[in-house]
Asker: 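Questions regarding the structure given below will be posed in turn.
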Amino acid sequence: MTYIVFLFLVGLVLGLIAVASNPSPYFAALGLVVVAGMGCGVLVGHGGSFLSLVLFLIYLGGMLVVFAYSAALAAEPYPETWGSRPVVFYMMMYLLGVVLVGGVFWGGWYEGSWVASDEMFEFSVVRGDIGGVAVMYSSGGGLLVIGAWVLLLTLFVVLELTRGLSRGALRAV
């Protein structure tokens with residue numbers, strides 16, 4: 001299980017590098033889907049299967065909306081791919097930065113951080129994510145309300161940006 005979680009973490013970092021280095025929205029959206037899948041795999045590896053499922057479904061629904069807006073606003077006939085020289089240069093620079101920062105913080109982090117929540121008690125009847133929705137609404141209710149307001153504000157900002165050819169902020173597009 002440790003190796004699977006390690007592969008998910010490596011895929012998460014490589015996906016974040018792919019998102020950060022790519023100027024085209026098509027490939028950046030694909031990278032974000034990969035990052036979402038890898039992050040949810042890490043959560044499943046640590047015992048949060050319900051949270052991982054909810055996060056994956058909500059995040060991919062939001063990514064579908066963001067991808068539709070970005071593809072409509074940035075219609076490039078020949079977008080830059082992951083194989084073009086500037087993108088490969090940025091990917092190598094980000095990978096070098098990750099390796100350097102990882103070298104600084106390397107010592108001792110792996111000794112106690114790989115324990116999943118289901119492995120804490122030897123004969124436990126309770127799973128790590130047994131609370132599910134109840135814990136998310138009781139303990140994180142305020143954060144859910146703030147998140148809903150932020151999403152509503154984001155929707156209004158995007159609608160205002162794309163409102164029309166004469167009155168919106170994006171007249172040239």
Side-chain angles (χ1 to χ4, degrees), residues 1 4-75 90 94 97-98 101-102 104-105 109-110 112-121 124 126-165 167-171 173:
M1 189 67 183
I4 294 173
V5 172
F6 179 73
L7 287 176
F8 278 135
L9 286 171
V10 168
L12 182 78
V13 170
L14 291 178
L16 287 173
I17 288 172
V19 169
S21 65
N22 203 345
S24 175
Y26 302 113
F27 298 108
L30 176 66
L32 281 175
V33 170
V34 170
V35 167
M38 294 295 166
C40 290
V42 170
L43 282 175
V44 167
H46 287 288
S49 59
F50 177 77
L51 180 63
S52 172
L53 178 68
V54 169
L55 181 70
F56 194 67
L57 291 176
I58 291 174
Y59 190 76
L60 285 184
M63 277 307 303
L64 180 67
V65 172
V66 169
F67 176 70
Y69 278 120
S70 63
L73 291 176
Y90 284 130
Y94 289 138
V98 166
V101 170
V104 170
F105 295 109
W109 64 271
Y110 50 85
S113 64
W114 292 103
V115 179
S117 64
D118 294 334
E119 298 173 3
M120 289 300 219
F121 303 107
S124 177
V126 180
R127 284 198 35 96
D129 60 344
I130 194 72
V133 173
V135 171
M136 198 162 63
Y137 281 126
S138 66
S139 299
L143 190 61
L144 282 173
V145 170
I146 291 171
W149 278 106
V150 167
L151 286 174
L152 183 66
L153 178 69
T154 305
L155 175 68
F156 286 144
V157 166
V158 168
L159 287 176
E160 184 64 30
L161 283 175
T162 60
R163 184 162 49 135
L165 293 176
R167 290 174 287 173
L170 299 172
R171 294 184 191 133
V173 176

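Heavy-atom basis, side chains included; hydrogens, waters and symmetry copies ignored.
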Asker: Once side-chain contact (heavy atoms from CB on, under 4.5 Å) is applied, do any residues pair with Ile58, and if so which ones, sequence neighbours excluded?
Answerer: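 Partners of Ile58 under the side-chain contact (heavy atoms from CB on, under 4.5 Å) test: Val54.
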
Asker: Find the distance between CG (Leu32) and CG (Leu16) and round it off to the nearest 0.5 Å.
Answerer: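 Nearest 0.5 Å value for the CG-CG distance: 8.0 Å.
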
Asker: So, taking the atom named CG in Leu7 and the one named CG in Leu14, what distance separates them when rounded to the nearest 0.5 Å?
Answerer: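 Spacing of CG (Leu7) from CG (Leu14) equals 10.5 Å.
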
Asker: Applying side-chain contact (heavy atoms from CB on, under 4.5 Å), name anything that partners Phe56, two or more places apart in sequence or on another chain.
Answerer: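 Partners of Phe56 under the side-chain contact (heavy atoms from CB on, under 4.5 Å) test: Ala36, Cys40, Leu60.
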
Asker: Over all heavy atoms of both residues, which pair between Ser52 and Leu43 is shortest? Give the atoms and the distance, please.
Answerer: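 That closest heavy-atom pairing would be CB-CB, 3.9 Å.
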
Asker: Decide yes or no for Val98 and Tyr94: does some side-chain heavy atom of the first lie under 4.5 Å from some side-chain heavy atom of the second?
Answerer: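 With C-beta onward as the side chain, the pair stays apart.
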
Asker: Can you list the residues that meet the side-chain contact (heavy atoms from CB on, under 4.5 Å) rule with Val101, with sequence neighbours excluded?
Answerer: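 Residues passing side-chain contact (heavy atoms from CB on, under 4.5 Å) with Val101: Phe105.
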
Asker: Of Leu12, Leu9, Val10, which is the lone residue that meets side chain to side chain contact (heavy atoms under 4.5 Å, CB included) with Met38?
Answerer: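 Looking at Leu12, Leu9, Val10, the match for Met38 under the side chain to side chain contact (heavy atoms under 4.5 Å, CB included) is Leu12.
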
